[in-house]
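Single-structure report; data block below.
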Amino acid sequence: MEKKLLREKGKLLLKAMDQHEKQSIESRLHEELLQSKQWAEAETVALTVSFSHEWDTYTIIEEAWSTGKQPVVPKCDPITKKMTFYKLKDFTQLETVYYGLKEPSPELTVPVSKDDIQLVIVPGLIYDRKGFRIGYGGGFYDRFLKDYNGVSLSILAKKQLVDEVPTESYDVPVHYLITENGLTDIHSSLNEG
């Protein structure tokens, strides 16, 4: 199945989930993430500010604040397709930009170097067991992850997993997947298979 169709399938899948099912899966995903070694070892955690149909990241940001971690959120440049992450100290530092996205206001926040980020929680719509994903099609995360030396992971429902995602040479897989069944280390599961 081509990327465009999988992307639509992923969007529909998330939007069609009833609130009870979504909250049930979401609480398992948050629990698995917050109990993971990857979370425990990170001081600075990069993640997007979620839309209502996506897995909630507001709770994760609040958890980062309450445990002394520094959450950083991206400002995307639609022209250069580059992302810069900014320290988020309070939700009032966010502004609404194109497509209703919430991003940090550069006037109210401080940028962070890629090398200072230990963990990136990568958003997506559809994933395969090799850690490849289909996002919204902007390519921002693949560009960012290309020379990123920290840990990358994604949180997703089992139903967002497919056998194989079509990939291009520039696609970069994440290191770990967290579903309601727990954490999968992509590298070790590929070596086993």
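Bear in mind the structure is a predicted one, so any value in this text is a computation, not a measurement.
The aromatic rings of H53 and Y136 sit perpendicular, their planes meeting at an angle over 60°, well past the 30° parallel limit.
With rounding to the nearest 0.5 Å, the separation of NZ in K11 from CD1 in I134 is 11.0 Å. Note that CG of N181 and NZ of K158 are 4.5 Å apart. Values are rounded to the nearest 0.5 Å. Note that CD1 of I155 is 8.5 Å distant from CG of L47, once rounded to the nearest 0.5 Å. The line from NZ of K159 to CD of E21 is 3.5 Å long, rounded to the nearest 0.5 Å. Rounded to the nearest 0.5 Å, atoms CD (Q93) and CG (D90) are 6.0 Å apart. Atoms OG and CD1, from S152 and I117 in turn, are 12.0 Å apart once rounded to the nearest 0.5 Å.
A cation-pi arrangement is absent between K75 and Y86 under the rule of less than 6.0 angstrom and at most 45 degrees off the ring axis.
The side chain to side chain contact (heavy atoms under 4.5 Å, CB included) test applied to A64 returns W39, K69, P71, not counting sequence neighbours. D171 meets the side chain to side chain contact (heavy atoms under 4.5 Å, CB included) test with K3, F132, D142, T167, E168; sequence neighbours excluded. By the side chain to side chain contact (heavy atoms under 4.5 Å, CB included) test, K81 is found to be paired with F140, R143, residues two or more places apart in sequence or in another chain being considered.
Across all their heavy atoms, D56 and K22 have their closest contact at N-NZ, 4.5 Å.
Under the side-chain contact (heavy atoms from CB on, under 4.5 Å) test applied with V72, the options V112, L88, D116 reduce to a single match, V112. Evaluated for a side-chain contact (heavy atoms from CB on, under 4.5 Å) with H30, the options T59, I178, T57 yield exactly one hit, T59.
Under 4.0 Å is where a charged nitrogen must lie from a carboxylate oxygen, and between K4 and E8 no such pair does.
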